[in-house]
**Student:** 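Have a look at this one.
Index from 1, following the sequence. As a basis for the values below, the full set of heavy atoms in this structure was taken, side chains included, without hydrogen atoms, waters or symmetry mates. Note that the coordinates shown come from a computational prediction; the quantities given were computed from them, not determined experimentally.
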Amino acid sequence: MKIAFATQDKQRVDAHFGWAKHLAVYEIDKEGYHHVEDFDFGGKLDEDGDEDKLAPKLDAIKDVAIVYVAAIGGSAAARVVASKIHPIKVSQPEPIMDILEKLQEVLRGTPPPWLRKVLQKGSERAFDFDDEVEEHG
């Protein structure tokens, strides 16, 4: 399962989703975790109501299951959830490695129901019934 972290320093979850300079992506399972890639975002990231700045971020994390953030606005959270990504807000800056260690422990045990559902994201087949073609024989 892939997880993204909104970060300014690539070490801690310390960024608002919309203003994050970086999104660090890791792959994790009960055996371990490893860094996959960093997405860097420059330009004007201030709180300005510019919803277009979210599009590249949403595209960058389209295949992650969870995104950890220091904060996230309501419309951004709705767009993240609509992309079938579970946003998790940390109450204070937290080292990415600490979160990965804790999450790995949870994965080794009995994950809570919300996490079991998230874990299925990578393994489930996506059925889009609007695109389903009926064959008549």
Side-chain angles (χ1 to χ4, degrees):
M1 151 175 84
K2 284 188 183 174
I3 301 185
F5 300 92
T7 178
Q8 304 295 44
D9 62 8
K10 296 187 183 181
Q11 302 295 314
R12 302 172 303 152
V13 175
D14 61 355
H16 183 289
F17 182 72
W19 314 334
K21 289 181 185 162
H22 312 283
L23 287 169
V25 178
Y26 287 77
E27 182 83 39
I28 186 168
D29 60 28
K30 42 183 155 178
E31 271 76 59
Y33 54 83
H34 65 276
H35 180 258
V36 177
E37 66 186 305
D38 283 316
F39 293 98
D40 298 324
F41 301 93
K44 191 168 176 253
L45 298 171
D46 302 336
E47 183 175 16
D48 55 9
D50 179 8
E51 295 293 316
D52 289 347
K53 71 177 174 233
L54 296 176
K57 289 185 173 150
L58 291 165
D59 188 53
I61 63 168
K62 64 182 176 281
D63 60 345
V64 307
I66 300 172
V67 61
Y68 283 85
V69 300
I72 188 166
S75 65
R79 289 173 70 180
V80 166
V81 170
S83 299
K84 297 193 176 7
I85 300 167
H86 191 88
I88 296 180
K89 196 170 133 186
V90 298
S91 56
Q92 59 196 32
E94 194 167 343
I96 290 170
M97 292 301 141
D98 289 1
I99 294 171
L100 287 165
E101 294 287 338
K102 286 182 209 163
L103 189 55
Q104 194 176 11
E105 285 301 313
V106 172
L107 292 175
R108 286 186 183 133
T110 307
W114 72 267
L115 185 54
R116 285 198 298 270
K117 186 176 178 188
V118 167
L119 286 167
Q120 294 169 357
K121 178 179 179 178
S123 60
E124 73 188 13
R125 284 184 53 201
F127 289 103
D128 187 345
F129 295 105
D130 293 336
D131 294 339
E132 190 175 78
V133 176
E134 277 188 41
E135 290 187 31
H136 297 284

**Student:** Tell me, please, which residues at least two apart from Asp9 pass side chain to side chain donor-acceptor pair (under 3.5 Å).
**Tutor:** Thr7, Arg12

**Student:** I'd like to check the side chain to side chain donor-acceptor pair (under 3.5 Å) partners of His22; sequence neighbours left out, ordered by chain and number.
**Tutor:** Asp40

**Student:** Among pairs that include at least one residue of residues 63-83, which meet ring pair (Phe, Tyr, Trp, His ring centres under 6.0 Å), considering only residues two or more places apart or in two chains?
**Tutor:** Phe5-Tyr68

**Student:** Are Ile3 and Ile99 packed together at the side-chain level, in the sense that at least one heavy-atom pair is separated by less than 4.5 angstrom?
**Tutor:** no

**Student:** By the definition side-chain contact (heavy atoms from CB on, under 4.5 Å), identify the one residue from Val118, Asp63, Asp29, Val64 that meets it with Met1.
**Tutor:** Val118

**Student:** Got a sec, which pairs hit salt bridge (Lys or Arg N to Asp or Glu O under 4.0 Å) with one end in residues 90-99, sequence neighbours left out?
**Tutor:** Glu94-Lys102

**Student:** Apply ring pair (Phe, Tyr, Trp, His ring centres under 6.0 Å) to Tyr33 and list each qualifying residue two or more places apart in sequence or on a separate chain.
**Tutor:** none

**Student:** Tell me the ring pair (Phe, Tyr, Trp, His ring centres under 6.0 Å) pairs involving residues 73-99, sequence neighbours left out?
**Tutor:** His86-Trp114

**Student:** Quick one: list whatever passes side-chain contact (heavy atoms from CB on, under 4.5 Å) with Ala6, sequence neighbours left out.
**Tutor:** Ala15, Ala20, Leu23, Val69

**Student:** Walk me through whether Asp14 and Val90 qualify under side-chain contact (heavy atoms from CB on, under 4.5 Å).
**Tutor:** CA-CA 8 Å; Asp14 61 355; Val90 298; over 6 Å; no

**Student:** side-chain contact (heavy atoms from CB on, under 4.5 Å) with Ala77: which residues, sequence neighbours excluded?
**Tutor:** Ile72

**Student:** Under the salt bridge (charged side-chain N to carboxylate O under 4.0 Å, His left out) test, which residues partner Glu31, sequence neighbours left out?
**Tutor:** none

**Student:** For the residue pair Lys10 and Ile96, establish whether any side-chain heavy-atom pair is separated by less than 4.5 Å.
**Tutor:** no

